[in-house]
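Okay, structure first, notes after.
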Amino acid sequence: MTTGGTLVGKMPLAAIISKPQKAELGTILPELREWLRERGWGCVLDQESAAYLPEADVEGVARAELPDRKPDLVVVLGGDGTLLAAARAFAHTNIPLLSVNLGSLGFLTEVPLSDLYATLQAWCDGTASIEVRSLMRAELFCGGEKMTRRWDALNDVVLAKGTIARMADFSVSIDAQLVATFRADGVLLSTPTGSTAYNLAAGGPIVMPTVNAMLVTPICPHLLTIRPIVVPGEAAIIVRVMGVPNETYLTVDGQEAVPMHVGDEVRCRRSEYSVRLLRLKPNGLFNVLRSKLKWGER
C-alpha cells in the first residue's frame, strides 16, 4: 500500500519523537527540521527532542499531547521501545509513523538512518509503503468487576510474578470457555507484531503481521500439557489471577506496569484501532527475520 503526497490548503505538520540520551540527536534533529522547513513543513517536537535543539524558543510538547496537534506524519527516532510508546500515544489516530532505528536490534524500527530522507521524500511523492499493524485492547478489572485501566498495545500484554522465585496461579478463558487453570511464571498475550518479541523468547510461535489473530503463551508453566495457543483476532480472552506468592504485575508493551491482586483479571481482544508504519518500500517479515535474527543461518 502506498500513500502520501503534498497536502493542499494547509502547511503539512510533522511530529518528532526521540529517544532520550542519544548523542547523535544533536546533529540529526537540526538537520531534520531544516529539511522539513525547506519543503514547506512545520514540525512539533516532544520534550525529549526539543532538549537537543539550541534555540531558546523551541518548546517541547508532552508526548500525550502531540496527537492534539494533528500532525500529518510522526517521525520516531530511537529503538523499538520508543516506537511502542509512540504507537500507544497515536493509537486512536490514523497518522502514519516513520520509525528510524537509532537503537541496537530495531526489529520494528526497520528504517535505517541512511534512508530517513529518502523515505520522507517518498512520502511527499506518494510512493512510500504503509504497513498496517493491529493493536490489542487490554482492560484491567479489579476483583473481576470494575474496569480501572485500558490500553491499546502494539506488542503484548504480560501478567507475571514479581521478584520472588515462586510461581503464581492463573486462569485463562477464551470466548467464555475455560482453557485451564495452571501455575506459571506468567501469561503473555501477544499481537502478531509482538510474536517476534517476548513471545518468541517464551517459546511462542511467529505469526505474520497480516494474520488476524492473537497469541496466548504461558511463561514457564508447571505443566507439560500447557502450550501456546493461537486464537482468532475477535476472540475474547480473560486471564485471571488466582493466587500470587508475593507480587504480580501487568505490563503493557514492556513499559507500563500495574500491580495485580488475587481476583483481578485482564480482558483482551483485538482493538478497533491500528498503527500505520511508514516504509520506503515493503520489506517483508522474513527479510527482517533473516537480517535481524539471522533466521535460517547455521
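Residues take their numbers from the sequence shown, with the count starting at 1. Values below: every heavy atom of this structure, side chains too, minus hydrogens, waters and symmetry copies.
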Between [X] and [Y] (side chain of the first, backbone of the second, donor and acceptor by atom type, cut-off under 3.5 Å), is there such a pair?
X: Arg267; Y: Ala236; answer: no
X: Arg240; Y: Gly263; answer: yes
X: Tyr117; Y: Leu32; answer: yes
X: Lys19; Y: Leu102; answer: no

So, do [X] and [Y] sit near enough that their side-chain heavy atoms are less than 4.5 Å apart?
X: Leu116; Y: Trp35; value: no
X: Tyr52; Y: Leu45; value: no
X: Leu83; Y: Leu277; value: yes
X: Leu98; Y: Trp123; value: no
X: Arg279; Y: Ser99; value: yes
X: Thr248; Y: Phe170; value: yes

The side-chain contact (heavy atoms from CB on, under 4.5 Å) partners of Val44 (sequence neighbours excluded) come to Leu13, Ala15, Val61, Leu66, Arg69

[atom1]-[atom2] distance between [X] and [Y], expressed to the nearest 0.5 angstrom:
X: Thr191; Y: Asn155; atom1: OG1; atom2: CG; value: 5.5 Å
X: Ser274; Y: Arg133; atom1: OG; atom2: CZ; value: 11.5 Å
X: Glu265; Y: Leu159; atom1: CD; atom2: CG; value: 10.5 Å
X: Ile95; Y: Lys70; atom1: CD1; atom2: NZ; value: 8.0 Å
X: Ile17; Y: Leu77; atom1: CD1; atom2: CG; value: 9.5 Å
X: Asp264; Y: Lys146; atom1: CG; atom2: NZ; value: 12.5 Å

- Go through the steps for Leu278 and Ile130 under the test side chain to side chain contact (heavy atoms under 4.5 Å, CB included), then give the verdict. CA-CA 5 Å; Leu278 179 62; Ile130 293 286; 3.7 Å; yes

Consider only side-chain heavy atoms of I, L, V, M, F, W and Y, link residues closer than 4.5 Å, and tell whether [X] and [Y] are in one cluster.
X: Val179; Y: Phe141; value: no
X: Ile238; Y: Val172; value: no
X: Leu223; Y: Ile219; value: no
X: Leu140; Y: Val239; value: yes
X: Ile28; Y: Leu120; value: yes

How far apart are the closest heavy atoms of [X] and [Y], and which atoms are they?
X: Ser18; Y: Thr82; result: C-CG2, 4.1 Å
X: Ser49; Y: Leu29; result: O-CD1, 3.4 Å
X: Ala64; Y: Pro67; result: O-CD, 3.6 Å
X: Cys124; Y: Trp41; result: SG-NE1, 3.8 Å
X: Val252; Y: Ala153; result: CG1-CB, 3.8 Å
X: His261; Y: Val241; result: O-CB, 3.6 Å

In chain order, what residues pass the salt bridge (Lys or Arg N to Asp or Glu O under 4.0 Å) check against [X], with sequence neighbours excluded?
X: Arg149; result: Glu256
X: Asp169; result: Arg183
X: Arg39; result: none

With [X], which residues qualify under side chain to side chain donor-acceptor pair (under 3.5 Å), at least two apart?
X: Arg227; value: none
X: Gln255; value: Arg88
X: Glu48; value: none

Suppose clustering is done on Ile, Leu, Val, Met, Phe, Trp and Tyr with side-chain heavy atoms closer than 4.5 Å. Which residues sit in the same group as Leu280?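 Direct or chained contacts put Leu280 with none.
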
Determine all donor-acceptor pairs shorter than 3.5 Å in which one atom belongs to a side chain in residues 197-205; sequence neighbours excluded.
unit_1: Asn199; atom_1: OD1; unit_2: Thr217; atom_2: OG1; d: 2.6
unit_1: Asn199; atom_1: ND2; unit_2: Ser195; atom_2: O; d: 2.9
unit_1: Asn199; atom_1: ND2; unit_2: Pro205; atom_2: O; d: 2.9

His92 meets the ring-ring contact (aromatic ring centres under 6.0 Å, His included) criterion, sequence neighbours left out, with Tyr273

N/O donor-acceptor pairs under 3.5 Å from side chains in residues 207-216, not counting sequence neighbours:
unit_1: Asn212; atom_1: OD1; unit_2: Arg270; atom_2: NH1; d: 2.6
unit_1: Asn212; atom_1: ND2; unit_2: Glu234; atom_2: OE1; d: 3.0
unit_1: Asn212; atom_1: ND2; unit_2: Glu234; atom_2: OE2; d: 2.9

- Task: Run the numbers on Thr225 and Phe182 for side chain to side chain contact (heavy atoms under 4.5 Å, CB included), then give the verdict.
- Result: CA-CA 10 Å; Thr225 52; Phe182 55 92; over 6 Å; no

So for atom CD, which belongs to Gln21, do other residues, nucleotides or ligands contribute more than 12 heavy atoms lying within a distance under 6.0 Å?
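Not buried by this count: 12 neighbours or fewer within 6.0 Å.
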
Residues pairing under side-chain hydrogen bond (donor to acceptor under 3.5 Å, both in side chains) where one sits in residues 171-180, two or more places apart or in two chains, turn out to be none

**Q.** Test side chain to side chain contact (heavy atoms under 4.5 Å, CB included) applied to Val266 and Met260, step by step
**A.** CA-CA 10 Å; Val266 176; Met260 297 188 68; 3.8 Å; yes

Do Val157 and Trp151 pass the side chain to side chain contact (heavy atoms under 4.5 Å, CB included) test, and can you show the C-alpha distance, the side-chain angles, and the key distance before you say yes or no?
-> CA-CA 9 Å; Val157 173; Trp151 302 267; over 6 Å; no

